[in-house]
Structure formats: structure tokens, C-alpha cells
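These numbers come from a predicted model, not from an experiment.
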Amino acid sequence: MVSEPVPITYSERLLQRAQENPDEVAIVFVAPDGSEQAVTTKELCDASLRVARVLDARGVDEKSLVAVALGNTRLGVVSEFAAWWLGACVMPLSHRLPDTEREHVLEAAVESGRALFVVGDVESEQATVVRPDELGAEAEEQSSKPLPIKVPQPGRAMPSGGSTGRPKIITDDSPMVGVPGAESPVSALFGTRPGQSVLVLGPLYHTGPFGSTFGGIFGGGLVVLMERFDASLALKLIERHRIQRIWSVPVQMQRMARAPEVDEIDFSSVETLYHSGAVCPPWLKRRWIELVGPEHVFEGFGSTEAVGSLMIRGDEWLEHPASVGRPEVTEVRIRDEDGKEVAQGEVGEIYMRWIGRGLESSGYKYWGSAPARSDDDGFVSVGDLGWQDEDGYVYVADRRVDMIISGGVNVFPAEVEVALSELPEVRDVAVVGVPDEEWGRRVHAIVETNEDPTMLLPRLVEHCRNSMAPPKRPKSYEFVEALPRNDAGKIRRSDLAAERQQGDTEATVRVGT
């Protein structure tokens, strides 16, 4: 009788790799200037054990929450493994957060009931701060002898700005463990396999990059971690390291696709380009299908709360353009504001639960916020709107909080943004609703471009007249040098809208529709 494989912790897996292949490179850190630092499995493991002893002396244990605010750096990754050695819960935290916002995140963390620690060059009245220079100096004097195995439960907590901008933290009670070399039907759906070389483009304080980095190390492959995303550098790394898996968001895909050298890059090593996090414009999806092949492009739809997940591969997407997939591991319900299921093809709120898990659809918890909307059958919504077609394929419209009601018509900003992004002169775009005497809320487009706005504006207006109905067309534009996206490529439309609630700015240009 074959015994079932025993799950092990992430720190235990790192030790295992270090003992089996001490000279194997586990991770390559890439600086913004393109310089690289390769770290072997033994170097990473030894460093994590030394740092763990320093954190242990500071009081970190199984009842601690360790926020790591060090960016995509060697010490940042080492510190997270170190916290797991001690059984602590890890919370990656942006080191660029303003002091006030960081304190709001830590206020939410207080609800965990755990002792709070922050590893980083920051100030905090709510946590014990461990500064990186002190941590590094003290770690040099410590032993790298293995520590007793402790299972982190929970192992990670992910901060989120939330739809309203009020910080919250998302976690669950699952132990931070896995089975080395394990593959499942779900792995095939998402294009993953153990041992893949992985390129990580985004910051570790977001779910996709965090999971790709530590999942990649656990899986036995090489992880190439960019300190900061740069389209041209990312393309070179794909070719240089023969990258097999890439996790991306659409804005990163767009900048790589429009880089001058993209057609010269050898993409033959790429097994999986996995993207999520925002609506992907169809033109952009087709471009990447051309570059790497339809069977290598995977799109996922889900959330950090992990209440369910949908996936669609490129070849299937070509038959169902704009869909994010058909339920295979997740049950889906589309409901109106009263909780009643809507008719086929009608937009409503997307509720999901994992198949076969019923009322235990997800073990997520919020610290700092009330739970997401749910029903008695275990279906949960995190605020996304969409619809299903007659074949069961799901299409995402937008977030409920971002929807604009203009002249009595529901306008989804993502749809307008997708249309505007088709013009190559548009480097980036965000669409928000602003107060308007005639329309109630006016559709307003904020466009990032290198072109002369006076030359570009007529093209934008004409393009919108040819591609969307009058109520959806922007009735005003604003041109900026750069939109305030974070390192993960995310932008909070609610913040942009709030800044424009008092009326037009000097940069606003009104147009006819």
C-alpha cells in the first residue's frame, strides 16, 4: 500500500533543496539597472536560518504577525522564510507606503490579536520595528544550523486597499504547507508544473507575485525576481533565463507588447503566460497569442480571498473572446442586488464557491473589515460584476464600486478603457465618473500619452464614436504624463474620482459625443 505524501512547510522545503542540491540557484534578484544577484539554495537557506535566530531573540514566534517592508530584495525574501521557520504569519508590505497609510494597515492587523513586528526602515507606534541594517549585522553572528520545524497557520496575510480605500488584510486559517512535486488537475488548468523557471514582474505585497515567488522556490524551479518592472528588461530576462512561466497583469503585458524589441525576442521557452488582476483588452490578448501561441496563454479570474477561481486558455478564448472561463473547479451564480439570479446574459454580481466544499467554500478572513457578501449556501461575492452566456462562460464587466451611472445608463469603466487602449498613442488610461449637471455623472477619461494632446484628442473622440454607444463615450478628457499605478500595475479609480469631485481641473477638456 502506497502511503500518502506528507505536506511540509516552505522553510522545510527550502532546507530539503539546500541539502539535496546546495549549489543550485534558487533565485536571481534583478536590480533596475539590469544587474543580477544569483542566490543558491544553500545560501538562501543559511541566510534565512541566521535571520530567524535574530527574529527569535526579538520575540517572534507562532503567535506573531511579521510585516516585511523590504521590497523585492534578497533580505526581504530571506526575512519571510525566517519568519516561517518560527511559525509566524508573514505579511508583505509595500516599503513605499506613506506613514499614515502604513499605520492604517497596521491598525487593521491589530484585529489579528497577534504580536506585530515590522522588518523595514520605517517608524511605527503599533509594532516592534526591526531595522534591516541591524538585522543584517546581527545575522552574520548567528548559526545556520536547522531549527525545529513549526507550521505557520496562517502562513500569510495580504494587505488590500479595499474598494473604499480603507485598508484591510486578507488571510485564512490554512497551514502554510505543500507537497513537493505534487501536480493536480487544477495545476494543469492554470498551466503550472513543478520545476518551472518563473519570471516575477510585480511586487511581493500582491498575491500573484508573492505566490509565484515562493511557490516557484517550493516547486524546485528557478525564480527570477525583478526589483521593479521594466518592459524592455523583462523581455531580455525571458530570453536570457529561458523563462517557462510568467505571471503578469494587463498593463505589464501592454508595455512589453509595445516595446520596440518585442518581435526580436525568443519566446520559445515560455510554457505559460498567466495573467489576471484586471480586464485584458482583446487586442492585447491576441497579440500575446501571436507571440507565444494560444496554448501557452492562460487567464485567471479570482481574488485574494480565494472564494473561487475561473481559468481560460488562449485557444479556448479564441472561440469565446473576452470570457474569463467556464466553471470547472468553481460554482458560479450571477445575482441582482436583491440576491436573485439574473437571466442569462444579464449583468449582475458574481458569486462563487469551490465545487464540493459547500459552506466551507473559503476559509478567508478579513482583519480591519466586515466579511464579503455571502449567502447561506456558501457563495461569496467580492464585488465583481459580470454575466454568463448560454454555454456557461463567464464575462467580467467591472467592479460594482467603479460603475458609473450616466444619464440613467450603467457604464463600466473597464469597457471604455479597453476601447481607448486600442490606440497606440495611449500609453495608459483610467476612466472615472465625475459630477455633471446634465448627466448626473459624466464619463471622464484620464489619458497618459507622449503625444501632443491637441493632436490626439480628435482621434480619441472619433475612435469612441466608432466603437461605443453615446452614453459610454467620454464627455471629457484629461491628459497626464503618468497615471499613479503602483508597482503591481494597479490603479484605484475611486481615488482618481474623489480628487475630481469638486469640478473640472484646469487640464479638463470637454468634448461633444
Side-chain angles (χ1 to χ4, degrees), residues 201-202 228-239 246 248-267 270 273 275-294 297 299 314 317-318 321-322 398 412-432 443-469 472-491 493 496 507-509 511 513:
L201 307 176
R228 182 174 293 182
F229 174 73
D230 174 88
S232 294
L233 179 56
L235 291 170
K236 294 172 185 175
L237 293 170
I238 292 169
E239 189 170 67
I246 308 162
S248 185
V249 294
V251 68
Q252 293 166 339
M253 294 166 63
Q254 178 173 318
R255 291 178 181 177
M256 286 189 287
R258 285 179 171 165
E261 64 272 42
V262 66
D263 289 313
E264 302 171 7
I265 299 298
D266 179 5
F267 290 104
V270 177
L273 169 67
H275 68 90
S276 186
V279 174
C280 184
W283 70 265
L284 181 59
K285 183 82 159 224
R286 293 182 189 277
R287 178 62 172 135
W288 278 99
I289 286 174
E290 291 173 1
L291 290 170
V292 303
V297 178
E299 180 174 1
W317 182 91
L318 288 171
D398 214 332
F412 301 109
E415 181 182 358
V416 184
E417 291 165 357
V418 164
L420 290 171
S421 74
E422 293 172 355
L423 292 178
E425 298 91 343
V426 176
R427 283 178 44 84
D428 203 357
V429 60
V431 171
V432 299
V443 180
H444 178 71
I446 307 168
V447 178
E448 176 184 324
T449 182
N450 293 330
E451 302 295 321
D452 181 351
T454 59
M455 301 293 289
L456 178 57
L457 183 60
R459 291 198 61 199
L460 292 172
V461 173
E462 183 64 21
H463 181 70
C464 290
R465 283 176 179 164
N466 294 333
S467 59
M468 65 186 74
K472 301 178 182 180
R473 299 171 191 164
K475 296 168 183 64
S476 58
Y477 289 84
E478 184 178 340
F479 297 92
V480 297
E481 292 184 2
L483 278 166
R485 287 190 182 271
N486 62 22
D487 293 339
K490 289 184 176 289
I491 190 167
R493 296 197 198 105
L496 293 175
T508 299
V509 180
V511 298
T513 57

Checklist entry - Atom CD1 of I238 and atom CG of D266: how far apart are they, to the nearest 0.5 Å? => result 10.5 Å
Taking all heavy atoms of [X] and all of [Y], pick out the closest pair and write down the distance.
{"X": "L483", "Y": "A430", "result": "CD1-N, 3.7 Å"}
{"X": "C464", "Y": "Y477", "result": "SG-OH, 3.5 Å"}
{"X": "S276", "Y": "P250", "result": "O-CD, 3.5 Å"}
{"X": "V511", "Y": "P474", "result": "CG2-O, 3.6 Å"}
{"X": "L201", "Y": "A234", "result": "CD2-CB, 3.8 Å"}
{"X": "A414", "Y": "V279", "result": "CB-CG2, 3.9 Å"}

Item to check | Backbone of M253 reached by a side-chain donor or acceptor of W288 within 3.5 Å | outcome: yes
Checklist entry - Do side-chain atoms of Q252 reach the backbone of V249 as a donor and acceptor pair under 3.5 angstrom? => result yes
Could you tell me whether [X] and [Y] make a salt bridge, using a distance below 4.0 angstrom between a side-chain N and a carboxylate O?
{"X": "E261", "Y": "K236", "result": "no"}
{"X": "R287", "Y": "E290", "result": "yes"}
{"X": "R255", "Y": "D230", "result": "no"}
{"X": "E448", "Y": "R485", "result": "no"}

Next on the checklist: side-chain contact (heavy atoms from CB on, under 4.5 Å) for V292 and I289? Distances and angles first, verdict last.
Outcome noted: CA-CA 6 Å; V292 303; I289 286 174; over 6 Å; no
Next on the checklist: Pair E451, R459 - check salt bridge (Lys or Arg N to Asp or Glu O under 4.0 Å), show working.
Outcome noted: CA-CA 12 Å; E451 302 295 321; R459 291 198 61 199; over 6 Å; no
Item to check | Any residue meeting salt bridge (charged side-chain N to carboxylate O under 4.0 Å, His left out) with E415, in chain and number order, not counting sequence neighbours | outcome: K472
Next on the checklist: D452: which residues meet the salt bridge (charged side-chain N to carboxylate O under 4.0 Å, His left out) condition with it, sequence neighbours left out?
Outcome noted: none
Checklist entry - Is there a donor in the side chain of S421 and an acceptor in the side chain of Q254, or the other way round, less than 3.5 Å apart? => result no
Next on the checklist: Applying side-chain contact (heavy atoms from CB on, under 4.5 Å) to S248 and M256, what does each step give before you reach the verdict?
Outcome noted: CA-CA 10 Å; S248 185; M256 286 189 287; 4.2 Å; yes
Item to check | Stepwise side-chain contact (heavy atoms from CB on, under 4.5 Å) check, F479 with L456 | outcome: CA-CA 10 Å; F479 297 92; L456 178 57; 4.1 Å; yes
Item to check | Worked check of side-chain contact (heavy atoms from CB on, under 4.5 Å) between V426 and L460 | outcome: CA-CA 9 Å; V426 176; L460 292 172; 3.8 Å; yes
Can you confirm whether [X] sits close enough to [Y] that some side-chain heavy atom of one is under 4.5 Å from a side-chain heavy atom of the other?
{"X": "V429", "Y": "I446", "answer": "no"}
{"X": "T449", "Y": "D428", "answer": "no"}
{"X": "E422", "Y": "P282", "answer": "no"}
{"X": "V431", "Y": "L420", "answer": "yes"}
{"X": "P453", "Y": "V447", "answer": "no"}
{"X": "R427", "Y": "R258", "answer": "no"}

Checklist entry - Is there a side-chain hydrogen bond (donor to acceptor under 3.5 Å, both in side chains) between H444 and S476 once you walk through the steps? => result CA-CA 5 Å; H444 178 71; S476 58; 2.6 Å; yes
